[in-house]
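What follows is a structure written as structure tokens; I'll ask about it next.
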2 protein chains.
Amino acid sequence: MKKFSSRYSIAVHILSLVALSPTSCTSDFIAESVNTNPVIIRRIIGMLKKAELVHVRAGAGGTYLQKGLDEITLLDVYRAVEVADNGDIFNFHDETNPKCPIGANIESVFRAKMLQAQSAMEHELAQVTLRQLVSELKEKTGSI
Amino acid sequence: MKKFSSRYSIAVHILSLVALSPTSCTSDFIAESVNTNPVIIRRIIGMLKKAELVHVRAGAGGTYLQKGLDEITLLDVYRAVEVADNGDIFNFHDETNPKCPIGANIESVFRAKMLQAQSAMEHELAQVTLRQLVSELKEKTGSI
DNA sequence: TATCGTTGCAACTATAATGATTACATCGAG
DNA sequence: CTCGATGTAATCATTATAGTTGCAACGATA
């Protein structure tokens, strides 16, 4: 299957920061918390923007949530940053031999099962809102 | 996240062939149905062997199931060929800034959610036995 | 209006995983 | 003993990711 990139964890980190930070969140500020390069952060913020999860004040700087804490789920974030060509997390060996009755049919049978498994995972992700994440974070950090 | 390699689909293909084929399954024979190099097939069979899903007649040649059709699930196959270092399908950006209260705690909170999602997916995979797969394949191919 | 911090983006590098291929030692049935 | 098949190492091309530098453009603000 395809593995999740660490972009996903960074994206969640970004959204948590934006949600919790009382100060303006510049890419430099976020990069320091994530401990990486600001450009990496901007790239991911770009994806979150396309998904309309955040908006950015150009020139002035700073990233802000574009939706409520309850309207953003882990599934939204996943779809925003995991640019799976077709949306599938599974890769298939294409070009199986069409002359072999099994080679010709195995993919469709297997794919159906995989889509079911993927749906189950995405269903779980859809259950977790940014509000829940942030609330659990607050418990752990004491207070912010 | 991490993406699934196409090894997985090939492994399922191999097991289906071994289960259905009345003749001996050599890596050359399988490679033709999968439409790839025999060495690729042998590598994957090697993983299936380690997982004790199949055994191979060295010298003589041919791969055979080591367990019953009902005792092999898609989860078994997945675990046999997807060599995720730690078993997780999610990657995390490690080394977040420990000085930032969010950076210091986001990973554990996020990881818990991800493990839940992964469990849901694996649960689905565990529901599908090789017998079911083969049975659906037979329907599609008419008969073998 | 000029400045300065910030964003957006292209270009480049390094690294790792994957798939494919060649080559060859080894096994074991006939 | 022979011959087909397996097991495995070595190599290569491709792709994805993460990181980095450089720079144009934006816009708040002084």
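Quick note on labels: first sequence line is chain A, next is B, and so on, each numbered from 1.
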Rounded distance in Å - CZ (A:R7) to C1' (D:dT17): 7 Å
Residue-phosphate contact under 4.0 Å: A:S27 side-chain N/O, C:dT7 OP1/OP2: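 Checking A:S27 against C:dT7: at least one side-chain N or O falls below 4.0 Å of OP1 or OP2.
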Hydrophobic cluster membership, A:M121 vs B:L115, 4.5 Å side-chain cutoff: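 Shared cluster, no.
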Residue pair A:E32 / A:D28, side-chain heavy-atom distance below 4.5 Å: no
B:K49 NZ to C:dC27 P, straight-line distance once rounded to whole Å: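 These atoms are roughly 13 Å apart.
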Rounded distance (Å) that lies between atom P of C:dT7 and atom CD1 of A:I14: 11 Å
Protein-nucleotide distance (B:I30, atom CD1; D:dG7, atom P), rounded to Å: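 So the CD1-P distance, B:I30 to D:dG7, works out to 11 Å.
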For B:L133 against A:K113, the heavy-atom pair lying closest together: CD2-CG, 4.2 Å
Nucleotide D:dT17, atom C1' - distance to CZ of B:F92 in whole Å: 17 Å
Heavy-atom pair with the smallest gap, counting every atom of B:F29 and B:S24: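 What the structure gives for the nearest pair is CD2-O, 4.3 Å.
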Would you mind writing out the side-chain donor-acceptor pairs for residues 37-56 of chain B within the sub-3.5 Å range, not counting sequence neighbours?
from, atom 1, to, atom 2, distance (Å)
B:N37, OD1, B:V39, N, 2.9
B:R42, NH1, B:S27, OG, 3.1

Atom pairs, N/O to N/O, protein against nucleotides 10-14 of chain C, distance under 3.5 Å?
none

Nearest-angstrom distance from the residue atom CD1 of A:I44 to P of D:dG19: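 Nearest whole value for this atom pair: 9 Å.
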Distance-minimising heavy-atom pair for B:A117 and A:E124: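 Taking B:A117 first and A:E124 second, the nearest heavy atoms are CA-CB, 3.8 Å.
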Nearest-angstrom distance from the residue atom OH of B:Y8 to C1' of C:dT18: 18 Å
Closest-nucleotide 5' rank along DNA chain D - winner of B:G46 and B:H93: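 Its nearest nucleotide lies further toward 5', so the answer is B:G46.
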Interatomic distance where CZ belongs to B:R42 and P belongs to C:dT26 [whole Å]: 16 Å
Spatial distance of atom CG (B:L130) from atom OG (B:S135) [nearest 0.5 Å]: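 Rounded to the nearest 0.5 Å, the CG-OG separation comes out at 10.5 Å.
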Residue B:T36, side-chain heavy atoms: nucleotide from C:dC9, C:dA23, C:dA20 that is nearest: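 Nearest to the side chain of B:T36 among the choices is C:dA20.
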A:A11 to A:V77 - nearest heavy-atom pair and separation: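 In terms of heavy atoms, the two residues are closest at CB-CG1, 3.7 Å.
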Close N or O pairs between protein and nucleotides 25-30 of chain D (under 3.5 Å):
none

Euclidean distance, B:C25 SG relative to B:L17 CG, rounded to 0.5 Å: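 It comes to 5.5 Å.
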